[in-house]
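Note that the structure is predicted; figures quoted are calculated from it, not measured. Chain letters run A, B, ... following the sequence lines, proteins first, then strands; residues in each count from 1.
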Amino acid sequence: MYLLDYMEYHFREIEKKWQEYWANNKTFAAKNNSEKPKYYVLDMFPYPSGAGLHVGHPLGYIASDIMARYKRHKGFNVLHPMGWDSFGLPAEQYAIQTGQHPAITTKQNIARYREQMDKIGFSFDWDREIKTSDPEYYKWTQWVFIQIFNSWYNKNSNKAEKIETLIAEFEKNGNEKVNACCDEDTKSFTAAQWKSFSEKEKSDTLMQYRITYLGEAYVNWCPALGTVLANDEVKDGVSERGGHPVERKLMKQWSMRITAYAQRLLDGLDTIDWTESLKESQRYWIGRSEGTSLKFLINGSMLTIEVFTTRPDTVFGVSFVTLAPEHELVEKITSQEQKAVVDEYVTKAKNRSERERQADVNKVSGVFTGAYVEHPFTKKLIEIWVGDYVLAGYGTGAVMAVPAHDERDFKFATHFGLEKPQVITPNTEHDFATASWDEKEGKLINSDFLNGLDVKAAIKKAIEEIQNKNLGKGKINFRLRDAVFGRQRYWGEPIPIYYKDGIPQAMPENELPLILPEVDKYLPTEDGEPPLARAKDWKYKNQFDYEWTTMPGWAGSSWYFLRYMDAKNSGQLVSKALADYWGQVDLYIGGSEHATGHLLYVRFWTKFLHDMGHINVDEPAKKLINQGMIQGTSEMIYRLIDRNSNPSQKNDTISFEKDLILKTIHVPSIIKNIFISSEVAKKITSCVYKNAPIEFTKNSELDINSYTIWLNTEDKDAAFVCDGGYWYKGIFHAANNGGGNIFRTSPEVEKMSKSKYNVVSPDDICEKFGADTLRLYEMFLGPLEQSKPWNTNGITGVSGFLKKLWKLYHSPFEGGQAAGQGDVNMSDAEPTKAELKTLHKTIKKITEDIERFSFNTSVSNFMICVNELMDAKCNKRAILEPLLVLVSPYAPHITEELWNQLGHKESIAFEKFPEFNEAYLVEDNFNYPVSFNGKTRFNIELSATLSNAEIEKMILEAEQTKKFLDGKQPKKVIVVPKKIVNIVV
RNA sequence: GCGGGUGUGGCGUAAUGGCAGCCGCACCAGACUUAGGAUCUGGCGCUGAAAGGCGUGGGGGUUCGAGUCCCUUCACCCGCACCA
């Protein structure tokens, strides 16, 4: 036993040793000055939750770490940092419940995450660690806010500019010539008027132009959380975190004019290598549509209703106009007779929660206002309706309804019996009685000057006419809304604004950070003000109230990739030199759930900072990969609901059919709680199931004893029915008609979560198999992007591979001798041709695999390589040293140890990655598969140097060929050198 | 409904248009062992005694040759959803 000890692979000691070595030597600290080319690989910012990491979290981190380590071997100066998105709702909710300051729980959670990450052996540069809740960090988040506050978007230069340039223009020319992204209701004024404005008026006017502004907007208000939420934080009408109902509410809020960047956010997508689905999500979210505005004069009034339409070609098919319930004209135009119904409808529609509204998408509702507009071309009178299918926030909040050519208008018209004039003849059969024709194809009819044109030409012509007659103009609309930025919460960055005479003022930059004050409770005040209103004596210069809302979770993460470049700079967000050196993130890895939140905001802020000249790049990440989600495998346990309610389970028995035989198990009726093994439960109707903790099951077999101990008191007195009897208090009572005593649970794939008792922690895997095994195994599970359930069934294969790798270096193969320390056994002899071929084949594959992020196939290739070298009893240093470098990005601990044992003093981390040499793969012969009509029949070994004609000749002369030709003449012979020969008969 | 993706052994998966199923798990047989959740050897798509036949969700096409390309259809997963 002792003699064999050198063969043992003691991963616990090895991993601890090298993790300490890397930390003590700062092995992975990125250099800010380097001759080497740079490579920046970043993981999406984790939020340190109280639950700790589960095995799904490291998947992306392992992939990015492999990339980081690989690039170091390839001679790059690698930036691979990690930090914490540490402001956020969960810590605050916990604080509200327990009174514990969120800073304390956050600190504990970060420590736990850090500890877990350290065990996996990531090559992060921890000197650059950042936390968004750290004043040293959020000072710069506040600084960016002030930059955005002090900017306006100039459509002429198509970028953000300093607000001073706008003020100068106002002083010179008023706003007549200003072409800016600003509020819709901005009034025009002259230079003289501007100069006569009061402070307040000037502030209010500028507010309509600032890129972050205080404005009234419909927001997603979540009463349960007591805060507003961004659109991407609302899913199916409820809050993404916690699932609380959300309603629309008009509130004064700090917002970000992200809509100014809509077109650039759209265009930028074509310049970055992100997944198509992610780009599509963003394109859809931005939602660009080209169309025209069109004014309808309200009959008997000077007012007009402006609509936005992408189908001006259908203007002669308009049969009514619909306003959103929130539309400001509704109140003004409603007739006396209709007032009561309209008021009722509007009130009801406004009060409906987002969820109700979404649930009723297919229910048609609306009311007639009693008012009419004139058709702009025919002058015919058209009814004005109110309908909640028209959204207040999109376009103008009003539509011209063309029931024959718009599905939604069709439904509305059908429901209320309104006319559906057809103006397009489709190019295929279509029944206008049952559905609208929405396709942009066909010929125009009944449309005056548009008659005979096809749709595309008609759209063009209609816009021309509308513009000629001054009825409206061509316009591009975006679905993207400005992002609400203020949160009525405590645990976030304070917004660096104070109010002087009701006028919001940005704090001077040199007074930042504005520290988050202490409060007595993390709840709103009695008056409904945000928690920060509770802070005692918290006033700017002791006299001016600060802004009481805080920034949303996405503020800190919208620019963090820049801070890692220069994490300790106290004078600047990032120095220009370092921002230029590190540039873009080369590889960004994270979950697809950030598609329309973080990933849109970070692009927005990056473009803004670029406009202001702080950085040179205008997209944060060149390449982005979404790692798949690792789901959990839950184990469900069945329980009999009420044994007396089911006729078949009476008289102390449980009966079910198995293999066509009715089986009966007697369980005394004194036992009330009965669990049923899954295969039995499936044959009984009266069962419910719940999650059993997975640690009590193995291959879906339940450890009844451990589970019983874990159960609460009442359930401890339970019977566990198997198909051959039942367990009760540790004793098995066999039924007399055979069957087994194994109690099974039923596996089910679902999200990994504490409440489902299916969480697997990486710590457990590291403890049992080691970090290198965890790393390899997570990669081995399948392609990185694919979602998959966690399942440890295959882990022994990977752990066996590492043992075998270890053994390869320690086996006393012939010709070897002790080398370096440990018991490695090496030979300096020339490697054989076969050994070199194995090595170079592997170099080629691994290089290709990493370059295309195919980490799962690498693991297979390592296995093949080690199997071959083991069979060859290879102990050549010239083979085994490069092999370690190949494996080291994947399994860094074992390779460091072996590298060290081979006598090297330095870490393996910066060893040159082996170069592939084609020469070693060249073979003298090739074993040609010979196929007939595409079907392989036999193989024949031929010299690799033969010409196609020679190959064809030799194949046709071969004995087997004659057999398969069976006397027939070959029509054609296809020879693909070193691939295949195909004979067509 | 729209958008994106995935369908290959018992399972996870692999295959620049060129011998489908590499590698691993599970399983079967054997060796070494007091023992095996250790290690090693061999087998393992389905069917068939064998020769062979059949096989990448279904149907069609391009090609000497298709898991791979094209069309069509079905199923499942993810995202979005009254955006005029």
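B:C32 and B:U39: their C1' atoms are spaced 8 Å apart (whole Å). Atom P of B:C23 sits at a distance of 12 Å from the matching atom of B:G45, rounded to the whole Å. Between B:G55 and B:U41, the two C1' atoms lie 30 Å apart (nearest whole Å). A distance of about 13 Å separates the P atoms of B:C28 and B:G37, rounded to the whole Å. On the P atoms, B:U72 is 14 Å away from B:C2, given to the nearest whole Å. Nucleotides B:C82 and B:G67 have their P atoms positioned 43 Å apart, rounded to a whole Å. Nucleotides B:A66 and B:A51 place their P atoms 25 Å apart, quoted to the nearest Å. Rounded to whole Å, the separation between the C1' atoms of B:G36 and B:G18 comes to 46 Å.
You'll find that the side chain of A:Ser281 is closest to B:G79, out of B:G24, B:G79, B:C19. Across B:A14, B:A84, B:C23, the shortest atom-to-atom separation from the side chain of A:Thr310 is found for B:A84. Nearest to the side-chain atoms of A:Tyr284 among the listed nucleotides B:U39, B:C80, B:A20 stands B:C80. Set against B:U39, B:U41, B:A81, the side chain of A:Trp285 has B:A81 as its closest nucleotide.
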Using a cut-off of under 3.5 Å, enumerate the N/O to N/O pairs linking the protein to nucleotides 4-12 of chain B.
unit_1 : atom_1 : unit_2   : atom_2 : d
B:G12  : O2'    : A:Leu781 : O      : 2.7

A correct 5'-to-3' footprint of nucleotides 51-70 of chain B, with B, S and - meaning base, sugar-phosphate only and no protein heavy atom under 4.0 Å, is --SS---------BS-----

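A side-chain donor-acceptor contact under 3.5 Å links A:Lys279 to the backbone of A:Ile272. Between the side chain of A:Lys788 and the backbone N or O of A:Pro783 there is at least one donor-acceptor pair closer than 3.5 Å. Of the possible donor and acceptor atoms, none in the side chain of A:Asn861 sits under 3.5 Å from a partner among the backbone N and O of A:Ile846. Distance alone, capped at 3.5 Å, places no donor-acceptor pair between the A:Tyr9 side chain and the A:Lys804 backbone.
Per the geometry, CG belonging to A:Asn626 stands 20 Å off P belonging to B:G3, to the nearest Å. Rounded to whole Å, the distance from CD on A:Glu785 to C1' on B:G79 is 16 Å. Going from atom NZ of A:Lys844 over to atom P of B:A15 covers 13 Å, rounded to whole Å. Here B:C23 presents its C1' atom at 9 Å from CG of A:Asn867, a figure rounded to the nearest Å. Atoms CG (A:Leu269) and C1' (B:G3) sit 14 Å apart, rounded to a whole Å.
OP1 or OP2 of B:A84 sits under 4.0 Å from a side-chain N or O of A:Tyr394. At B:A14, one or more side-chain N or O atoms of A:Asn856 fall inside 4.0 Å of OP1 or OP2 (strictly under the cut-off). Remark: A:Ser289 is in phosphate contact with B:A84, judged by side-chain N or O atoms under 4.0 Å from OP1 or OP2.
Between A:Lys845 and A:Glu848 there is no salt bridge, since no side-chain nitrogen of the basic residue lies less than 4.0 Å from a carboxylate oxygen of the acidic one.
Checked options A:Phe769, A:Trp790, A:Tyr890, A:Phe855; the residue passing with A:Tyr777 is A:Trp790 (criterion: ring-ring contact (aromatic ring centres under 6.0 Å, His included)).
Nucleic acid contact class of A:Leu391 (heavy atoms, under 4.0 Å, all strands): base.
Glycosidic conformation at B:G9 (O4'-C1'-N9-C4 for purines, O4'-C1'-N1-C2 for pyrimidines): syn, within 90° of 0.
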Between A:Asp388 and A:Lys363, is a salt bridge (charged side-chain N to carboxylate O under 4.0 Å, His left out) present by the stated rule, with each step listed?
CA-CA 10 Å; A:Asp388 67 357; A:Lys363 256 197 227 154; over 6 Å; no

